[in-house]
Amino acid sequence: MKNTYVRVKGIIKKGNEYLVIRKWVDDHIPNPYVWEFIDAQVQHGEAPDDTVRRAIEELLSIEGQIEKIEYTWSNLLGDTHCVGIAYLCSIREEDEENIVLPEEYGEWKWITRSQFPDYIDNTYVLHDLEGRKL
């Protein structure tokens with residue numbers, strides 16, 4: 001059976017920095033956390049724009065604003081096809097002090113573009129970001 005689903009990515013930018021969050025993935029490996037941008041699957045009947053706003057609110061406990069669609073992607077793994085939309089987003093600076101992460105997330109921080117390879121392990125994401133002005 002073939003499956004297709006849609007994911008969104010919220011790349012939150014402030015000046016020359018980007019917000020990343022550290023998510024717990026598995027305590028049976030040496031480094032159980034990975035750094036990532038906001039990421040969520042679009043639910044049936046939900047608009048992708050609403051999904052990225054919902055994900056920001058669920059993960060950071062604050063509202064986010066969509067600035068623009070930055071890029072799209074598509075991955076095929078066996079019978080599963082993932083189509084994605086990456087949004088460039090922002091949050092209000094005064095809301096930063098109100099960020100509260102869910103339990104499975106360890107922390108958040110602002111990083112520069114040159115630090116992406118030091119934090120983002122997903123080579124597909126790094127490849128997608130190459131050459132983009134963001």
Side-chain angles (χ1 to χ4, degrees):
M1 185 162 116
K2 296 181 180 180
N3 299 307
T4 300
Y5 65 97
V6 178
R7 291 199 72 79
V8 295
K9 185 173 304 311
I11 302 171
I12 299 173
K13 183 177 181 184
K14 175 181 79 171
N16 292 324
E17 296 182 308
Y18 304 84
L19 189 135
V20 290
I21 54 178
R22 194 173 74 141
K23 180 181 181 179
W24 175 84
V25 290
D26 185 352
D27 61 358
H28 294 95
I29 58 176
N31 185 5
Y33 287 93
V34 296
W35 288 95
E36 61 183 22
F37 298 111
I38 302 294
D39 187 76
Q41 185 166 326
V42 176
Q43 298 173 358
H44 180 74
E46 185 177 37
D49 288 11
D50 293 338
T51 302
V52 75
R53 284 191 287 268
R54 171 182 56 81
I56 291 170
E57 188 167 346
E58 286 177 0
L59 294 175
L60 302 180
S61 302
I62 60 172
E63 289 185 18
Q65 294 78 41
I66 295 171
E67 302 300 327
K68 67 177 182 169
I69 292 176
E70 187 59 42
Y71 65 91
T72 62
W73 77 90
S74 176
N75 293 325
L76 188 61
L77 183 60
D79 285 343
T80 302
H81 183 206
C82 175
V83 176
I85 306 167
Y87 292 85
L88 191 62
C89 301
S90 62
I91 58 172
R92 294 186 336 204
E93 194 166 335
E94 59 268 21
D95 286 344
E96 281 184 49
E97 65 187 43
N98 298 320
I99 291 176
V100 177
L101 297 174
E103 189 174 303
E104 66 269 21
Y105 290 87
E107 63 181 299
W108 63 273
K109 65 170 52 180
W110 294 102
I111 64 170
T112 63
R113 185 181 182 98
S114 64
Q115 293 174 298
F116 286 177
D118 299 331
Y119 286 88
I120 306 298
D121 292 329
N122 187 323
T123 56
Y124 294 112
V125 172
L126 290 174
H127 181 266
D128 289 341
L129 293 170
E130 281 181 13
R132 299 200 184 274
K133 297 199 186 236
L134 288 180

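Annotation for Gly10 and Val52: closest pair CA-CG2, 3.7 Å, computed over non-hydrogen atoms. Closest approach of Glu107 and Leu101 over heavy atoms only: C-CD1, 3.4 Å. Arg113 approaches Pro117 most closely through the heavy-atom pair O-CD, 4.2 Å. Across every non-hydrogen atom of Tyr105 and Lys23, the tightest pair is CE2-CB, 3.4 Å. When all heavy atoms are compared, the tightest approach of Tyr33 to Glu104 is CE2-O, 4.4 Å.
Counting non-hydrogen atoms of other residues, nucleotides and ligands closer than 6.0 Å to CG of Asp118 gives a total above 12. Within 6.0 Å of CD in Glu94 there are more than 12 heavy atoms belonging to other residues, nucleotides or ligands. Other residues, nucleotides and ligands contribute over 12 non-hydrogen atoms within 6.0 Å of the CD atom of Gln41.
Atom OG1 in Thr123 sits 11.5 Å away from atom CD1 in Ile120 (nearest 0.5 Å). Going from atom CD of Glu70 over to atom SG of Cys89 covers 10.5 Å, rounded to the nearest 0.5 Å. Within the model, atoms NZ of Lys13 and OG of Ser90 stand 11.0 Å from one another, a figure rounded to the nearest 0.5 Å. Taking OH of Tyr87 as the start and OG1 of Thr72 as the end, the distance is 10.5 Å to the nearest 0.5 Å. Atom CD of Gln65 and atom CD1 of Ile56 lie 8.0 Å apart (nearest 0.5 Å).
For Lys133, the side-chain contact (heavy atoms from CB on, under 4.5 Å) criterion is met by no residue, not counting sequence neighbours. In this structure, the side-chain hydrogen bond (donor to acceptor under 3.5 Å, both in side chains) partners of Glu58, at least two apart in sequence or on a different chain, are Arg54.
Under 4.0 Å is where a charged nitrogen must lie from a carboxylate oxygen, and between Lys2 and Asp79 no such pair does. Looking at Lys14 and Glu96, a side-chain N of the basic residue comes within less than 4.0 Å of a carboxylate O on the acidic one, giving a salt bridge. Between Glu130 and Arg132, none of the side-chain N atoms (NZ, or NE/NH1/NH2) sits under 4.0 Å from a carboxylate O, so this pair counts as no salt bridge.
Within the 4.5 Å cutoff, the side chain of Val100 has no heavy atoms near those of the Ile62 side chain. At least one side-chain heavy atom of Ile21 sits less than 4.5 Å from a side-chain heavy atom of Glu36. In this structure, Tyr5 and Val42 have side chains that are not in contact, with every pair of non-hydrogen atoms separated by 4.5 Å or more. Side-chain atoms of Leu60 and Ile38, non-hydrogen and from C-beta on, do get closer than 4.5 Å to each other. By the 4.5 Å heavy-atom criterion applied to side chains, Cys82 and Leu77 are not counted as neighbours. No side-chain heavy atom of Ser61 sits under 4.5 Å from any side-chain heavy atom of Ile99.
Between the Asn122 side chain and the Val125 main chain, a donor and an acceptor come within less than 3.5 Å of each other. Side chain of Thr80 to main chain of Leu76: no donor-acceptor pair is present (N/O by atom type, distance under 3.5 Å, no hydrogens or angles).
Annotation: ring pair (Phe, Tyr, Trp, His ring centres under 6.0 Å) contacts involving residues 113-134, sequence neighbours excluded, comprise Tyr18-Phe116, Trp35-Tyr119, Phe37-Phe116.
The hydrophobic clustering, which links ILVMFWY residues whose side-chain heavy atoms are closer than 4.5 Å, places Leu59 and Val20 apart.
The only option from Asp39, Thr51, Asn75 that meets the side-chain hydrogen bond (donor to acceptor under 3.5 Å, both in side chains) definition with Arg7 turns out to be Asp39. Looking at Ile85, Leu88, Ile11 one by one, the single match for side chain to side chain contact (heavy atoms under 4.5 Å, CB included) with Tyr71 turns out to be Ile11.
Taking the six-membered ring for Trp and thresholds of 30 and 60 degrees, Trp108 and Trp110 have ring planes more than 60 degrees apart, a perpendicular arrangement.
Side-chain atoms of Glu17 and Thr112 include no donor-acceptor pair closer than 3.5 Å.
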